[in-house]
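A quick write-up on the structure given underneath.
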Protein chains: 2
Amino acid sequence: MSQYVAQQSSLCQHCAMSGMCFDKSNTKIVSKSRSHKIFHKTDALFRAGEKFDAIYILRSGSVKASLVSGMGQEQITGFYFPGDLLGLDGFETGEHSQTLKFLETSSVCRIAYSELDAAMANSSSIRFKLLQGMSEALNLDDKFILNSHCMNASQKFASFLLNLSEKFENRGLSSHIFDLSMSRVDIANYLGMAVETVSRQLTQLQKEQTIDVNKRRISILDIQRLHDCVNGDKLLSNQFIAMPKTRMSHHAIASY
Amino acid sequence: MSQYVAQQSSLCQHCAMSGMCFDKSNTKIVSKSRSHKIFHKTDALFRAGEKFDAIYILRSGSVKASLVSGMGQEQITGFYFPGDLLGLDGFETGEHSQTLKFLETSSVCRIAYSELDAAMANSSSIRFKLLQGMSEALNLDDKFILNSHCMNASQKFASFLLNLSEKFENRGLSSHIFDLSMSRVDIANYLGMAVETVSRQLTQLQKEQTIDVNKRRISILDIQRLHDCVNGDKLLSNQFIAMPKTRMSHHAIASY
DNA sequence: CGTTCATTTGAACATGCTCAATTCCTGTGG
DNA sequence: CCACAGGAATTGAGCATGTTCAAATGAACG
């Protein structure tokens with residue numbers, strides 16, 4: 001029996017849907033083999049408008065999800081990492097509304113909708129896991145909207161780095177040294193700012209010795225400083241200072 | 001039997017989960033009675049941090065959903081209208097992450113999670129409807145992020161009005177005359193701009209005879225004009241004019 | 001009525017965008 | 001291996017949008 005355990009690849013350890021592949025005791029593979037597939041940088045898992053018939057779990061690598069506006073503007077709505085669920089946008093209309101492009105060589109695990117539906121019929125925990133995954137995606141989006149509206153450029157950028165750091169840590173990777181799989185343009189697009197602004201944030205943080213930047217490799221030197229940035233303490237001591245009447249604006253805090 | 005049909009209140013006609021209350025033929029109530037409840041303006045359906053044990057369907061009235069940032073900033077993430085699913089944020093952690101406040105006297109239909117789970121176990125169509133509802137919420141958020149990042153103030157505001165108009169139309173109400181149940185401050189917060197900017201957008205559109213504003217009552221006089229605004233044609237004729245190299249920015253178009 | 005809150009309006013200023021030019025990589029082919 | 005081309009990233013300077021601040025007006029409610 002132990003050889004079956006071995007088949008629970010390390011790639012599966014953070015999978016949201018591991019319950020579909022392993023029984024509760026996690027000692028045995030219970031269901032059909034999943035269909036795994038490798039993709040390369042710039043490949044698309046699917047594009048907006050394509051038929052939806054499966055969800056996917058990212059096993060390795062990274063992906064960006066994007067939308068195009070009526071005017072042809074692309075907007076990146078998220079970056080995804082191993083263990084994340086992909087394709088949840090497709091349930092609404094039966095067509096995907098997003099386009100998912102790989103940022104590096106990656107592998108995904110495909111779960112056909114028919115298979116998913118059958119699993120949901122049988123297992124309350126599978127039902128819950130999927131709802132949980134979708135709820136998480138929803139809450140992430142909402143937090144992102146909050147940040148988009150309440151933060152200025154440096155706050156948003158610091159928040160972005162900390163989010164990445166946390167994601168890597170949760171996946172057992174280094175939280176303070178990591179490579180960005182996305183370009184500066186992608187980051188700018190995602191955060192809703194100009195590329196030039198992203199670049200300036202990087203150089204600024206490097207000058208301050210908060211991070212070290214080498215090409216796409218980021219080393220976080222002072223994580224507390226990043227947290228302070230998020231809170232808007234660009235130049236303040238760590239002492240509490242009475243805030244001005246807090247309006248909704250991005251600039252309320254930055255004006256110090 | 002016809003008296004049972006009568007119990008399918010007109011409030012239920014747009015309900016996303018109507019499948020839980022009526023069988024396929026829609027001629028007979030099949031399940032336990034739902035628990036309906038009336039709320040008043042400023043009441044909260046639930047607050048961030050409260051235990052999640054049910055989802056809700058708005059039967060009448062309107063609600064705003066909001067999040068609070070670490071710094072106490074409130075961010076409205078959405079407005080909801082009859083037929084909309086509420087409480088989907090709670091699956092992630094078992095606690096609500098949002099706060100839902102009523103904007104006017106409203107009624108909701110409560111579906112306990114246990115009941116929902118049982119219904120999902122039995123019915124593929126219920127499973128699908130719920131996933132569809134969550135997927136729709138997700139896509140809405142993503143489109144909103146796109147708009148937030150790609151549009152300037154007047155585009156965002158015109159888009160907001162058109163979205164409302166469409167929502168009212170889908171619910172059988174007038175698409176060109178309606179009352180805003182939310183304050184200017186709420187609108188500003190939602191759209192990520194200052195109240196003053198919202199006010200200026202309103203007066204601007206009124207001056208142009210695009211809409212008529214009377215307190216919270218909006219009359220859309222020229223809906224095509226609003227669509228044009230969304231597309232950034234603030235001052236242009238309807239002829240196509242070569243756009244400048246389209247960068248991501250809000251101001252790319254507005255600079256005409 | 002008078003207090004309070006919501007909304008509007010005006011004027012100045014700041015953040016972050018646009019534009020333009022340069023530097024730095026990467027990969028490709030001679 | 002080096003030169004070159006094309007893309008990615010950086011840097012500087014001016015400017016526009018939309019915010020901030022201040023004040024006035026209007027509506028609502030006791």
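Each chain gets a letter, A, B and so on, in the order the sequences are listed, and its residues count up from 1. Hydrogens, waters and symmetry mates are skipped; everything else that's a heavy atom, side chains included, is used.
- Atom pair A:Leu205:CG and D:dA9:C1' shows a separation of 16 Å (rounding to whole Å applied).
- Taking atom CG of B:Asn189 as the reference point, atom P of C:dA6 lies 14 Å away to the nearest angstrom.
- In terms of phosphate contacts, A:Arg216 brings a side-chain nitrogen or oxygen within less than 4.0 Å of OP1 or OP2 of D:dA9.
- With values rounded to the nearest 0.5 angstrom, A:His149 atom NE2 is found 11.0 Å from B:Ile76 atom CD1.
- Note: CE (A:Met193) to C1' (D:dT17) measures 17 Å, nearest angstrom.
- Put simply, B:Arg200 has no side-chain N or O that comes within less than 4.0 Å of OP1 or OP2 on C:dT7.
- In this structure, of D:dA9, C:dA20, C:dT9, it is C:dA20 that holds the atom nearest to the side chain of A:Glu196.
- A straight line from CG of B:Leu191 to C1' of D:dT19 spans 15 Å, rounded to a whole angstrom.
- Taking atom CD of residue B:Gln201 and atom C1' of nucleotide D:dT19, one finds them 13 Å apart after rounding to whole Å.
- B:Arg217 has its CZ atom 19 Å from the C1' atom of D:dG26, to the nearest Å.
- Contact of the B:Leu205 side chain with the B:Leu226 side chain is registered, since non-hydrogen atoms from C-beta on lie closer than 4.5 Å.
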query = What do the steps show when you test B:Ser106 against B:Arg59 for side chain to side chain contact (heavy atoms under 4.5 Å, CB included), and what is the final call?
reply = CA-CA 7 Å; B:Ser106 309; B:Arg59 292 165 50 97; over 6 Å; no

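- Computed from coordinates, the A:His149 NE2 to C:dG16 P distance equals 14 Å when rounded to whole Å.
- A:Leu67 places a side-chain heavy atom less than 4.5 Å from the side chain of B:Lys143.
- Checked against the 6.0 Å centroid threshold, A:Phe46 and A:Phe52 do not count as a close aromatic pair.
- The side chain of B:Asn152 lies closest to D:dT17, out of D:dT17, C:dT7, D:dT11.
- Residue contacts shown for B:Thr197 include a base, since a base heavy atom lies under 4.0 Å away.
- Straight-line distance from the CG atom of A:Asn214 to the P atom of D:dA9: 13 Å, rounded to whole Å.
- Sequence order on DNA chain D of the closest nucleotides to B:Ala153 and B:Lys215 puts B:Ala153 first from the 5' end.
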